[in-house]
Each structure stands twice: as C-alpha cells, then as structure tokens.
Engineer: 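Take this structure, written in structure tokens, and hold onto it; I'll ask about it next.
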Amino acid sequence: ALQRFADGDRVDAAALAGARLVADAAEPVKILGHGELTRKLTVVAARFSASAARKIAEAGGSAETA
C-alpha cells in the first residue's frame, strides 16, 4: 500500500488517512511488511514489524517511531 506514495515522500498517520489506508489519523499506526516497496520513503508510525522496517531500509528510506 505504501507504493502509492511518491519517491521521497514523508508518510505519517495523516498521509495514510488521506490515502484512506487508515480510518483515523489520531489512532496509533503499525506498519506491516506485506508486499514490496521500491520507493525511498520516510515512514512515521507508532510501531513497525521487523519485516516492514527492513523493507523500508532496503528501499533507501527510513522508519521513524512517532
């Protein structure tokens, strides 16, 4: 689902809610590692699965805990 964001984007709860990937930007978000990621993104969330953090890093992005 993160593939819908452009290379270099900062993806936080508000961006995920705007893309209708989460229902409420005020709720804590956990990013899971399903699918592939080829874009360099800065992803900000409450938690990350180990596979999600690895995939984000392998794509050249960063996983930041909010």
Side-chain angles (χ1 to χ4, degrees):
L2 294 178
Q3 282 295 105
R4 66 178 64 192
F5 295 97
D7 196 43
D9 277 357
R10 179 178 176 86
V11 180
D12 57 11
L16 292 169
R20 295 184 172 194
L21 295 173
V22 298
D24 185 356
E27 292 294 320
V29 174
K30 180 177 181 179
I31 304 296
L32 303 176
H34 301 292
E36 292 187 36
L37 180 63
T38 60
R39 291 179 170 83
K40 181 180 177 180
L41 302 173
T42 299
V43 184
V44 182
R47 297 181 355 177
F48 296 86
S49 69
S51 62
R54 185 186 81 251
K55 288 179 181 183
I56 292 167
E58 287 174 353
S62 63
E64 300 177 3
T65 304

Engineer: For the side chain of D12 and the backbone of A14, is there at least one donor-acceptor N/O pair under 3.5 Å apart?
Structural biologist: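 At least one qualifying donor-acceptor pair exists.
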Engineer: Grab the two heavy atoms, one from A45 and one from I31, that are nearest each other, plus how far apart they are.
Structural biologist: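 What the structure gives for the nearest pair is CB-CG1, 3.6 Å.
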Engineer: Ignoring hydrogens and angles, tell me if any N or O in the side chain of K55 forms a donor-acceptor pair with the backbone of G33 under 3.5 Å.
Structural biologist: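 Indeed, once roles are kept as given, a pair shorter than 3.5 Å links the two residues.
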Engineer: Honestly curious: do L37 and V29 fall in one hydrophobic cluster under the side-chain, below-4.5 Å linking rule?
Structural biologist: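 Yes, because L37 and V29 connect within a single hydrophobic cluster, where side-chain heavy atoms sit under 4.5 Å apart.
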Engineer: Any chain of hydrophobic side-chain contacts (each under 4.5 Å) joining V11 to F48?
Structural biologist: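 V11 clusters together with F48.
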Engineer: Restricting to non-hydrogen atoms, name the atom on F5 and the atom on A15 that form the minimum distance, rounded to 0.1 Å.
Structural biologist: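 That would be CZ-O, 3.8 Å.
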Engineer: Is it the case that more than 12 heavy atoms not belonging to R54 sit under 6.0 Å from its CZ atom?
Structural biologist: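 Enclosed: over 12 neighbouring heavy atoms sit under 6.0 Å from CZ of R54.
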Engineer: Short question: side chain of R39, backbone of Q3 - any donor-acceptor pair under 3.5 Å?
Structural biologist: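 Confirmed, R39 side chain pairs with Q3 backbone.
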Engineer: If you compare all heavy atoms of E64 against all heavy atoms of S62, which two are closest, and at what distance to 0.1 Å?
Structural biologist: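 Scanning both residues, the minimum pair turns out to be OE2-OG, 3.8 Å.
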Engineer: What are the two closest non-hydrogen atoms of G8 and L41, and how far apart are they?
Structural biologist: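 Smallest interatomic distance, heavy atoms only, reads N-CD2, 4.4 Å.
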Engineer: With rounding to the nearest 0.5 Å, note down the distance linking CG in D7 to OG1 in T38.
Structural biologist: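 Output value for this atom pair is 8.0 Å.
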Engineer: Please round to the nearest 0.5 Å and tell me the distance separating atom CG of L2 and atom NE2 of H34.
Structural biologist: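 Here the rounded value is 11.5 Å.
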Engineer: Mind listing the closest non-hydrogen atom pair of A13 and V22 along with its distance?
Structural biologist: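 So the two residues come closest at O-CG2, 4.0 Å.
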Engineer: If you compare all heavy atoms of A63 against all heavy atoms of I56, which two are closest, and at what distance to 0.1 Å?
Structural biologist: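 Nearest pair, atom of A63 first, then I56: N-CG2, 4.0 Å.
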